[in-house]
**Student:** 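Take this structure first; my questions come after.
Throughout, a chain's letter reflects where its sequence line sits, starting with A, and its residues are numbered from 1. Note that the structure is predicted; figures quoted are calculated from it, not measured.
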Amino acid sequence: MEIIFNKSKKGKNSYAVPQWKGKDYQLDGRYTGNTSLLLPDVGESELVRHYVNLSKKNFCVDENMYPLGSCTMKYNPKINEKLASDPGFTSLHPHCDCESSQGALKIIYELEEYLKKITGMKGVTLLPAAGSHGELTGVMLIKKHFEKTGENRDTIIIPDSAHGTNPASVAMCGFKLKEVKSTPEGDVDIKSLEGMIDKNTAGMMLTSPGTTGLFDRNIKKIAKMLHDNGSLFYGDGANLNATLGKARFADMGFDIMHMNLHKTFSTPHGGGGPGAGPVAVVESMVKYLPVPRVVKKGGQYSFETDFPDTIGRIHSFAGNFLIYLRAYVYIRLLGASGLKDVSETAVLNANYLLALLKDEYNWPIKRRCMHEFIINDKGFPSGITTDHISKRILDYGFHAPTVFFPLIVEHSMMIEPTETENRETLEKFADVMITIKKEAFETPAIVLDAPHNTPIRRADVVQAARTPVLKWE
Amino acid sequence: MEIIFNKSKKGKNSYAVPQWKGKDYQLDGRYTGNTSLLLPDVGESELVRHYVNLSKKNFCVDENMYPLGSCTMKYNPKINEKLASDPGFTSLHPHCDCESSQGALKIIYELEEYLKKITGMKGVTLLPAAGSHGELTGVMLIKKHFEKTGENRDTIIIPDSAHGTNPASVAMCGFKLKEVKSTPEGDVDIKSLEGMIDKNTAGMMLTSPGTTGLFDRNIKKIAKMLHDNGSLFYGDGANLNATLGKARFADMGFDIMHMNLHKTFSTPHGGGGPGAGPVAVVESMVKYLPVPRVVKKGGQYSFETDFPDTIGRIHSFAGNFLIYLRAYVYIRLLGASGLKDVSETAVLNANYLLALLKDEYNWPIKRRCMHEFIINDKGFPSGITTDHISKRILDYGFHAPTVFFPLIVEHSMMIEPTETENRETLEKFADVMITIKKEAFETPAIVLDAPHNTPIRRADVVQAARTPVLKWE
Amino acid sequence: MKYTLLNNDDKALMLKKIGVSKIDDLFADLPQDILLDKLDGLPEPVSEMEIHDILKSESCKNCSSRMFLGAGAYNHYIPAVVDDIASRSEFYTAYTPYQPEVSQGTLTAVFEFQTYMCRLTGMDVTNASMYDGATSLAEAVMMSARSSRKDKVLVSRAVNPIYREVLSTYAWAAGLKVAEIPLKGLTTDFSAVKKLCDDETGAVVIQSPNFFGCIEEPDAESGFTALKEEKKLDLIYTVTEALSLGFLKSPAERGADIVCGEAQSFGSPVSFGGPMLGFISAKERFTRKIPGRLIGLTVDSDGNKVFALTLQAREQHIRREKATSNICSNEGILAVKAAVYLGAAGPQLGKLGKLNHNTASYLRESLLSAGFSSISDEPFFNEFMLRNGKSGFDSAAAGAGFDPGKYYPEFRDCTLFCATETDTMQSIDNFIEKIKSGSVWK
Amino acid sequence: MKYTLLNNDDKALMLKKIGVSKIDDLFADLPQDILLDKLDGLPEPVSEMEIHDILKSESCKNCSSRMFLGAGAYNHYIPAVVDDIASRSEFYTAYTPYQPEVSQGTLTAVFEFQTYMCRLTGMDVTNASMYDGATSLAEAVMMSARSSRKDKVLVSRAVNPIYREVLSTYAWAAGLKVAEIPLKGLTTDFSAVKKLCDDETGAVVIQSPNFFGCIEEPDAESGFTALKEEKKLDLIYTVTEALSLGFLKSPAERGADIVCGEAQSFGSPVSFGGPMLGFISAKERFTRKIPGRLIGLTVDSDGNKVFALTLQAREQHIRREKATSNICSNEGILAVKAAVYLGAAGPQLGKLGKLNHNTASYLRESLLSAGFSSISDEPFFNEFMLRNGKSGFDSAAAGAGFDPGKYYPEFRDCTLFCATETDTMQSIDNFIEKIKSGSVWK
Ligand SMILES: Cc1ncc(COP(=O)(O)O)c(C=O)c1O
Ligand SMILES: Cc1ncc(COP(=O)(O)O)c(C=O)c1O
């Protein structure tokens with residue numbers, strides 16, 4: 001373990017603060033503090049070496065396949081990064097006048113238009129700063145809607161396969177949660193659902209395709225059931241990569257949805273973020289969208305906040321602009337044909353990898369997948385689980401799949417190769433998986449003790465939580 | 001071994017060439033060729049992964065100490081790179097009018113002024129694209145000088161310790177070479193020199209401090225001997241890091257000198273270049289300097305080429321501008337005090353490391369050093385040489401010193417820590433060296449077989465030269 | 001452009017292995033009537049060069065940037081080393097460090113960020129980032145409410161008005177009540193808290209330096225400290241100009257229980273308002289209540305100290321509807337940048353703060369000499385508000401400062417100015433020249 | 001700023017270990033009277049922010065860039081991936097790969113560069129780069145002379161005049177003779193070679209596309225091929241617009257023995273003329289005569305294929321005054337960029353060349369319609385020269401094109417234009433509008 005605080009020694013830092021040549025305005029000592037001892041004293045070269053060497057301990061997409069299911073770890077074009085670091089955008093102050101930000105406003109406006117075309121929806125807000133924030137916003141829209149209609153609907157239905165952010169977002173808006181179970185085939189259990197929908201049902205959230213990588217075959221039926229009951233249908237579009245350019249969420253029957261720009265529309269994931277989670281809605285919901293909104297009048301763009309039915313503000317400024325910019329670039333580069341090629345290739349890649357693995361690994365839901373699929377450790381020698389397999393994968397230079405999610409499949413390994421892997425890499429990954437299976441039977445210790453070749457050995461996460469040490473002392 | 005040509009497969013490259021919407025102007029097939037099959041067909045992500053993974057097989061200064069003697073592998077400020085990649089400079093065409101390049105011309109002009117102050121010389125040309133190019137230019141100046149004075153002097157004297165570029169540069173200008181030997185103490189042998197200087201002596205080249213890391217104690221005497229004979233004294237300033245801000249080449253008695261901007265003035269070495277090798281001269285030589293020169297008239301800067309005594313052009317344009325820019329930034333950041341701190345610290349670091357090693361390693365010339373010093377493998381068990389030691393150093397995460405140079409010390413290891421290493425790193429390096437010495441006696445095989453932990457094992461360079469394979473087929 | 005890599009032979013071979021004859025067979029589970037041939041209405045694809053030129057032309061429209069503008073986003077010089085590090089593929093093309101064995105780079109840098117923020121705020125725990133200042137405030141209020149089981153919060157009118165709007169959106173959704181603490185001059189009227197505080201009240205939110213740039217003193221002679229004690233109120237201390245943390249007395253010394261806000265000043269550009277770098281720091285008792293990711297120290301199976309995500313039982317992917325928040329993706333790479341920035345500035349951070357204060361003080365003094373008048377004399381850091389003077393200064397026409405009128409009708413004739421180290425004395429003098437020449441008055 | 005890392009304690013401890021009392025004791029071997037207290041005349045040190053602002057203000061003066069300008073340096077779009085790779089510390093902060101065991105990154109990329117250049121020129125060997133086009137020509141001539149042991153070279157007047165000047169500087173120093181082959185129209189008069197060629201003559205230098213943009217045909221009906229055979233002349237084929245290699249017949253097919261010139265077009269910006277990317281490619285018989293670094297394939301002690309510097313016995317550090325050149329540092333990172341660029345463009349390189357040709361042809365046609373007149377009709381790639389027409393076009397006033405008058409008095413009333421993929425039809429039309437409106441004529 002290397003940490004910058006350990007490299008500190010008095011007098012090494014020589015960061016030059018420009019000299020102030022004017023009058024010295026003293027601030028009373030009652031207001032000021034002294035932080036110089038709290039910060040490490042290191043030189044620029046030490047800083048660079050520290051982080052360059054640390055970086056070598058990270059796995060990244062630019063190195064090899066990163067099949068982290070549900071996260072769409074695709075390769076992101078380098079032109080995105082170049083344009084998103086243009087000072088003409090990065091130095092633009094959010095409170096500057098609209099006249100000096102016409103370029104930025106136009107990008108926002110046009111991206112919203114593109115996303116409408118892509119989703120078939122009638123209104124889009126880009127403001128949410130991540131998928132989860134989009135969900136929260138979407139659920140707020142549902143709340144607002146029933147507040148306005150005067151209906152007292154207090155429940156939202158979510159399948160048991162849902163991503164954790166769905167129930168959490170629902171809870172943050174004070175809704176009650178009903179969980180509907182999935183069939184063994186991975187669809188929503190329509191029978192159970194029927195029994196759940198009632199006058200308290202504000203809506204239902206469904207991920208499409210689901211976190212199982214499967215498209216719900218009753219989607220239109222579900223939409224109809226909800227709509228017949230006056231309930232709203234929310235689509236979690238985190239998996240949009242599976243249907244991009246191929247089918248639109250509006251046509252599936254959703255009223256509200258969010259997208260994860262950082263996944264589908266190519267923002268590198270930054271070790272955890274930032275992202276953007278635009279929300280798209282049908283006509284009747286447009287009026288509730290948060291502010292500010294970008295409006296175009298006579299060729300001029302401006303921010304407007306005066307919308308009586310809006311849920312209000314949800315961000316300090318206007319959301320994660322630099323992420324919009326990347327999505328904008330990506331859509332312009334690919335066009336309609338390129339976007340469709342994304343989903344077709346993502347689905348083809350996933351099915352091919354599934355075909356290579358399905359006879360070697362347990363395949364709990366035996367349906368062709370969309371952009372990702374689930375296998376698990378069933379059939380492995382006892383004691384060797386998904387956890388060990390995933391660590392052993394690291395030894396072979398790949399990232400591990402998403403593990404132990406979704407919860408409806410025991411010891412799930414959710415594999416999403418994305419469209420930017422070539423056939424040879426998929427085959428190499430399959431070979432690794434098959435090798436690990438063999439090892440599990442022939443030399444189990446090597447799997448149990450994995451990883452062996454990584455920058456550190458297996459981290460003790462239980463210990464980390466038992467006595468949390470959350471800062472350096 | 002991974003090479004891009006092996007990753008090629010038809011149809012993967014989708015580099016989009018903008019579509020031409022006008023008339024198609026056919027060029028007769030007699031003029032055109034078809035190169036599409038010569039170039040690899042890979043996608044952007046494959047390209048990125050190829051080079052990201054390759055990069056991991058490189059050692060670099062940003063990772064750890066790189067004590068490659070004579071190369072001044074210091075840490076280079078990141079602001080250099082940022083400013084040198086500003087499109088306001090990089091997109092400036094060399095043939096654009098001087099009005100639109102005032103900023104760039106000003107940088108050139110002022111950098112020349114700074115280098116005059118730093119060297120004490122009266123004229124500077126920045127044009128040479130590397131140190132070696134500077135030497136060539138300098139020797140051309142000598143040739144021109146005697147052509148103008150009508151003297152037929154055809155010989156240049158060089159010490160046996162000189163860098164290979166010195167004799168090579170002399171040869172390229174048609175001069176005869178006389179080699180003067182060094183004393184066991186590392187100075188030029190004054191006696192021998194005396195016997196060599198005659199009416200044919202055009203000049204002498206001396207590296208200062210020498211490639212031994214030692215400052216010639218008779219420098220002024222040598223200068224006088226040469227000047228008394230009407231010969232010119234050329235200073236190889238590649239080691240300027242040792243005396244920067246502390247003493248000026250003009251004051252040492254040199255008439256002509258070159259600097260290596262990429263070493264002393266902080267351009268990262270780019271895996272081999274580019275650099276810049278400005279030449280500075282005393283008053284009487286100014287008229288010979290190459291063209292174009294930047295001239296300032298009434299606050300306006302311009303390129304001028306009309307100088308009757310010039311040796312002429314030596315570069316396609318005006319030299320390596322982006323390297324000037326880095327040097328300019330560096331000098332402005334450091335100022336006179338910072339430049340002096342560079343040489344003082346470089347010399348202190350080298351002497352400290354020498355002090356840590358001199359009792360453990362053979363120290364052939366027992367004088368305090370300047371910015372670098374020489375040790376060698378004498379006293380090691382037979383069969384274990386400088387070569388093995390240098391490979392073993394790699395195993396410990398450091399780069400090796402310059403080895404087998406200078407030629408006057410057998411099996412030399414020339415160690416230049418530079419001023420940007422901290423004390424702890426010097427001590428770690430010393431520990432490694434001492435450990436290797438111990439290993440050589442206790443577990444010699446580990447040293448003989450080194451390296452072990454590097455991305456590849458010892459490369460067979462004899463084989464490489466025997467049947468050269470210089471391109472992929 | 002395309003970033004897929006399959007040629008026709010690949011596709012044929014793969015389809016065969018899968019056992020279908022065409023790609024559309026893989027979309028058989030979708031309602032077939034919604035399958036598109038091609039999306040309508042999108043522009044034709046362009047090359048990389050063309051999108052580069054298009055965006056460059058958009059970015060140029062942004063060139064004339066407004067001066068002396070803060071109000072929640074701050075222009076600071078970002079040392080080149082910050083982007084050099086953050087633009088390494090290893091950092092920016094990785095994701096949440098779920099696999100600590102191949103993520104020590106991110107984990108270490110974010111652990112350093114947590115440490116820096118704890119040290120600067122005086123708190124015990126800091127999360128791995130929130131979306132931005134406004135949502136971090138909303139989440140801090142919800143965290144406090146969860147902890148105190150009280151559903152009312154008092155918020156100073158001197159808190160960033162946009163943050164307060166976001167807080168009301170969240171509070172409306174979550175069923176929390178928000179009441180406003182009035183101003184006294186340009187700071188919070190702490191003496192009014194007592195009256196507003198009922199048994200439902202669990203927290204008091206202030207910002208310091210506040211929206212007007214003034215330093216709040218909750219510990220001063222208003223009786224607030226005693227009341228806070230008595231009512232067991234959480235003091236939620238919002239910071240929008242993180243650089244102030246390097247120069248002013250720490251929030252902990254001011255009695256903060258939770259510190260939240262915006263750390264964009266630490267190494268990220270203003271970027272038209274996003275991405276920003278929200279954070280929540282808090283006292284130890286909130287450790288298991290804090291939203292978002294936390295990195296902790298542990299050991300690996302060789303016994304070496306290493307870092308890993310920890311206390312995940314708070315989070316949505318484990319706890320679902322009972323989680324401390326729904327946050328998942330956060331502002332990861334900005335936290336890394338903040339760590340590099342703070343390492344670069346190091347012990348000079350206070351000096352940099354001092355330079356900000358001097359520059360802003362000089363601007364203020366110059367403006368006063370140019371016809372602006374003082375509203376009140378509370379001490380400030382690098383931002384302050386002045387009355388425009390009788391003839392009416394037009395901040396839009398001047399391209400300078402922030403007009404607070406929209407949010408504070410009572411300050412319709414005032415302007416909020418900010419100056420940082422990026423503003424030189426020369427640029428201030430030029431601006432004052434312009435003012436004196438009268439061209440920027442209505 | 002400082003980039004040193006010793007504090008006073010370090011210094012004291014180190015001096016003590018060394019056994020001296022102060023740093024100046026370490027400078028005892030220097031003449032003491034020349035030791036400086038402080039250099040005179042340098043500006044006071046500034047902070048990183050200040051130098052950033054200073055340079056930004058200098059760079060802005062360069063903003064208005066001249067159009068349709070080539071003449072040895074070419075504006076091409078550089079895919080973002082090129083700088084992304086080349087700005088990795090591992091590549092740009094390493095040096096010459098003396099230790100192959102820790103340098104396979106650089107070695108592989110430069111070996112790829114060698115391969116690309118060999119493939120595009122049709123030659124057998126390419127070095128790891130030269131300083132620039134002009135010096136690569138000078139060194140190519142010297143290599144040929146060393147090989148042929150003849151000291152005269154014939155150089156076409158259609159070769160870049162600056163390259164010819166550099167060549168004469170080198171030739172003067174080395175004692176080589178240079179004679180000029182005249183023009184016929186805008187290409188080399190190959191029929192004149194016979195007369196110029198004597199027994200001392202070892203090589204003929206041409207450039208194609210030549211300085212006027214025209215494609216040379218040394219193999220055409222001039223008797224040149226036979227003469228070359230008979231006199232064993234080396235055809236030194238200079239290329240300044242490397243992009244042409246992707247579109248035109250290869251130099252090898254034209255009979256070249258040595259190809260040299262400038263490969264800046266492959267991934268490097270024009271950069272006010274430097275750094276550039278010189279190269280020399282040659283037939284196999286020059287392998288041990290070529291200047292500069294060469295990377296070769298070999299094996300490591302585990303038997304794996306690896307790369308290493310090779311044939312170093314040609315070089316100055318081994319051969320000293322007998323070396324094939326004095327070159328040491330070269331243009332390493334630009335060669336890496338060229339490799340990445342060529343990998344990015346890949347099989348589309350020819351298509352890009354075609355786009356250049358179309359764009360330049362359109363510009364030429366448009367100029368002809370706007371009053372310029374044709375000098376001759378030799379085929380060209382992306383650059384061409386026209387006569388200005390009677391009223392006199394002022395290229396400086398127009399901010400477009402290159403005025404060849406300084407180098408070619410006979411073309412005083414002409415302008416050399418270049419158009420690449422970075423010039424759109426729109427920008428050409430706008431320019432023609434301007435011309436037609438008359439504002440750019442003297
Ligand atoms: C299905 C699903 N929904 C929502 C989210 C939340 O998105 P974010 O991380 O952007 O908040 C994710 C992210 O992993 C997801 O996979
Ligand atoms: C003493 C000396 N002289 C000259 C040179 C040549 O410099 P360059 O590599 O820039 O041509 C070097 C470089 O290693 C050197 O060390």
**Student:** Please classify the contact of L394(A) with chain C as side chain, backbone, both or neither, using a heavy-atom distance under 4.5 Å.
**Tutor:** side chain
**Student:** Under a 4.5 Å heavy-atom cut-off, does chain C meet the side chain of V52(A), its backbone, both or neither?
**Tutor:** both
**Student:** Using heavy-atom distances under 4.5 Å, tell me whether S250(C) contacts chain A through its side chain, its backbone, both, or neither.
**Tutor:** neither
**Student:** Taking atom CG of L470(A) and atom CG of L294(C), what is their separation to the nearest 0.5 Å?
**Tutor:**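 It is 5.5 Å, given to the nearest 0.5 Å.
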**Student:** Any salt bridge between K117(A) and D40(C), counting N to O under 4.0 Å?
**Tutor:**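 Answer for the salt bridge query: no.
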**Student:** Looking at Y114(A), F405(A), Y75(A), F317(A), which one has more heavy-atom pairs under 4.5 Å with chain C than the rest?
**Tutor:** F317(A)
**Student:** Which bit of K220(A) is near chain C, if near means a heavy-atom gap under 4.5 Å: side chain, backbone, both or neither?
**Tutor:** side chain
**Student:** For L177(A), which atoms come within 4.5 Å of any heavy atom of chain C: side chain, backbone, both, or neither?
**Tutor:** side chain
**Student:** Under a 4.5 Å cutoff for heavy-atom pairs, which residue among E419(A), E344(A), K56(A), R367(A) has the most contacts with chain C?
**Tutor:** E344(A)
**Student:** Could you tell me whether E44(C) and K38(C) have a side-chain N and a carboxylate O separated by less than 4.0 Å?
**Tutor:**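 Answer for the salt bridge query: yes.
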**Student:** Between F5(A) and Y116(C), is the gap from one ring center to the other below 6.0 Å?
**Tutor:**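 When the ring centroids of F5(A) and Y116(C) are compared, they turn out to be within the sub-6.0 Å range.
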**Student:** Top residue by heavy-atom pair count (under 4.5 Å) with chain A, among T298(C), N326(C), I333(C), N330(C)?
**Tutor:**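 If we count pairs closer than 4.5 Å to chain A, N326(C) comes out on top.
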**Student:** Less than 4.5 Å to any heavy atom of chain C: does that hold for the side chain of L339(A), its backbone, both, or neither?
**Tutor:**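 The side chain, not the backbone.
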**Student:** Tell me whether the NZ or CZ atom of K354(C) lies within the 45° cone about the ring axis of F247(C) and under 6.0 Å from its centre.
**Tutor:** no
**Student:** Decide whether Y131(C) and S316(A) meet the rule of one side-chain donor and one side-chain acceptor closer than 3.5 Å.
**Tutor:** no
**Student:** Measure D83(C) against the heavy atoms of chain A and call it side chain, backbone, both or neither at under 4.5 Å.
**Tutor:**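 Looking at D83(C), nothing touches chain A.
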**Student:** Y92(C) and H269(A): aromatic ring centres closer than 6.0 Å?
**Tutor:**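 No: the rings miss the under 6.0 Å criterion.
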**Student:** Taking every non-hydrogen pair under 4.5 Å, which of S271(C), G175(C), G346(C) racks up the most with chain A?
**Tutor:**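 When all of S271(C), G175(C), G346(C) are compared, S271(C) has the most.
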**Student:** Measuring heavy-atom distances to chain C, does L38(A) have an atom under 4.5 Å in its side chain, in its backbone, in both, or in neither?
**Tutor:** both
**Student:** Can you name the nearest heavy-atom pair linking C118(C) to T126(C), along with the distance?
**Tutor:** SG-OG1, 3.2 Å
**Student:** Does a side-chain N-to-carboxylate-O contact under 4.0 Å join E101(C) and R457(A)?
**Tutor:**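 Salt bridge flag = no for R457(A) with E101(C).
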**Student:** Is it the side chain or the backbone of K74(A) that comes within 4.5 Å of chain C heavy atoms, both, or neither?
**Tutor:** neither
**Student:** Is chain A contacted by the side chain of S301(C), its backbone, both, or neither, given a heavy-atom distance below 4.5 Å?
**Tutor:**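 S301(C) touches chain A through backbone and side-chain heavy atoms alike.
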**Student:** Checking I219(A) against chain C: side chain, backbone, both or neither under 4.5 Å from a heavy atom?
**Tutor:**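 For I219(A), side-chain heavy atoms alone lie under 4.5 Å from chain C.
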**Student:** Quick one: what part of F91(C) sits under 4.5 Å from any heavy atom of chain A, side chain, backbone, both or neither?
**Tutor:** both
**Student:** Can you tell which of D84(C), V81(C), I85(C) makes a side-chain contact (heavy atoms from CB on, under 4.5 Å) with L47(A)?
**Tutor:** V81(C)
**Student:** Quick one: which of Q312(C), H317(C), K2(C) has the most heavy-atom pairs under 4.5 Å with chain A, could you say?
**Tutor:** K2(C)
**Student:** Between K23(A), H315(A), M73(A), M370(A), who has the most heavy-atom pairs with chain C when the cutoff is under 4.5 Å?
**Tutor:**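 Ranked by contacts with chain C, first place is H315(A).
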**Student:** Heavy atoms only: give me the nearest N13(A)-A344(C) pair and the separation to one decimal.
**Tutor:**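 Looks like ND2-O, 2.9 Å.
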**Student:** Side chain from CB out, backbone as N, CA, C, O: work out which of these in L26(C) comes under 4.5 Å of a heavy atom of chain A, or both, or neither.
**Tutor:** both
**Student:** Who wins among P379(C), C328(C), A323(C) for the most heavy-atom pairs under 4.5 Å with chain A?
**Tutor:**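 Top count of heavy-atom pairs under 4.5 Å with chain A: P379(C).
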**Student:** Counting heavy-atom pairs under 4.5 Å with chain C, which one of D251(A), L322(A), T420(A) comes out on top?
**Tutor:** L322(A)
**Student:** G33(A), S85(A), G273(A): which one forms the most heavy-atom pairs within less than 4.5 Å of chain C?
**Tutor:**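 Winner by heavy-atom pair count: G273(A).
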**Student:** If you compare all heavy atoms of S132(A) against all heavy atoms of T165(A), which two are closest, and at what distance to 0.1 Å?
**Tutor:**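 Minimum heavy-atom separation between S132(A) and T165(A): OG-CG2, 3.5 Å.
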**Student:** Side chain from CB out, backbone as N, CA, C, O: work out which of these in A308(C) comes under 4.5 Å of a heavy atom of chain A, or both, or neither.
**Tutor:** side chain
**Student:** Tell me, side chain or backbone of V61(A) under 4.5 Å from chain C's heavy atoms, or both, or neither?
**Tutor:**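 Both the backbone and the side chain of V61(A) come within 4.5 Å of chain C.
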**Student:** Centres of the H93(A) and F272(C) rings: under 6.0 Å?
**Tutor:** no
**Student:** Compare every heavy atom of L355(C) with every heavy atom of T359(C), then report the nearest pair and how far apart it is.
**Tutor:**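 The pair with the smallest heavy-atom distance is OG1-O, 2.7 Å.
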**Student:** Quick one: what part of V340(C) sits under 4.5 Å from any heavy atom of chain A, side chain, backbone, both or neither?
**Tutor:**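 The answer is both parts of V340(C).
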**Student:** Can you tell me which portion of M140(A) sits under 4.5 Å from chain C's heavy atoms? Options are side chain, backbone, both or neither.
**Tutor:**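 Its backbone and side chain both get close to chain C.
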**Student:** Shorter than 4.5 Å, heavy atoms on both sides: which option in I54(C), V299(C), L35(C) has the most such pairs with chain A?
**Tutor:** V299(C)
**Student:** So what's closer than 4.5 Å to chain A heavy atoms on A335(C): side chain, backbone, both or neither?
**Tutor:**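 Neither part.
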**Student:** Is N349(A) in contact with chain C via its backbone, its side chain, both, or neither, using a 4.5 Å heavy-atom distance?
**Tutor:**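 Both backbone and side chain of N349(A) come within 4.5 Å of chain C.
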**Student:** Looking at CE of M1(C) and CD1 of I51(C), how far apart are the two atoms once the value is rounded to the nearest 0.5 Å?
**Tutor:**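 Output value for this atom pair is 11.5 Å.
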**Student:** Is a side-chain donor or acceptor of H133(A) paired with a backbone partner of A129(A) at a separation under 3.5 angstrom?
**Tutor:** yes
**Student:** Given the options N422(A), V461(A), L325(A), I107(A), which has more heavy-atom pairs under 4.5 Å with chain C than any of the others?
**Tutor:** N422(A)
**Student:** With a 4.5 angstrom heavy-atom cut-off, which part of L6(C) approaches chain A: side chain, backbone, both or neither?
**Tutor:**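 The side chain, not the backbone.
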**Student:** Quick check: closest heavy atoms across E321(C) and A171(A), and the distance to 0.1 Å?
**Tutor:**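 Looks like O-CB, 3.3 Å.
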**Student:** So what's closer than 4.5 Å to chain C heavy atoms on Y51(A): side chain, backbone, both or neither?
**Tutor:** both
**Student:** Kindly state whether the ring of Y362(C) and the ring of Y25(A) have centres lying under 6.0 angstrom apart.
**Tutor:** no
**Student:** Give the minimum heavy-atom separation between P45(C) and L333(A), together with the two atoms involved.
**Tutor:** CB-O, 3.3 Å
**Student:** Specify which of T115(C), T93(C), T96(C) makes the most heavy-atom pairs with chain A at under 4.5 Å.
**Tutor:** T93(C)
**Student:** Could you go step by step and tell me if R368(A) and V20(C) meet the side-chain contact (heavy atoms from CB on, under 4.5 Å) rule?
**Tutor:** CA-CA 10 Å; R368(A) 269 188 206 114; V20(C) 296; 3.3 Å; yes
**Student:** Heavy-atom distance under 4.5 Å to chain C: side chain of P451(A), backbone, both or neither?
**Tutor:** side chain
**Student:** In terms of heavy-atom proximity below 4.5 Å to chain A, should V125(C) be classed as side chain, backbone, both, or neither?
**Tutor:**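 Only the side chain of V125(C) comes within 4.5 Å of chain A.
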**Student:** For L354(A), which atoms come within 4.5 Å of any heavy atom of chain C: side chain, backbone, both, or neither?
**Tutor:**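 L354(A) has no heavy atom closer than 4.5 Å to chain C.
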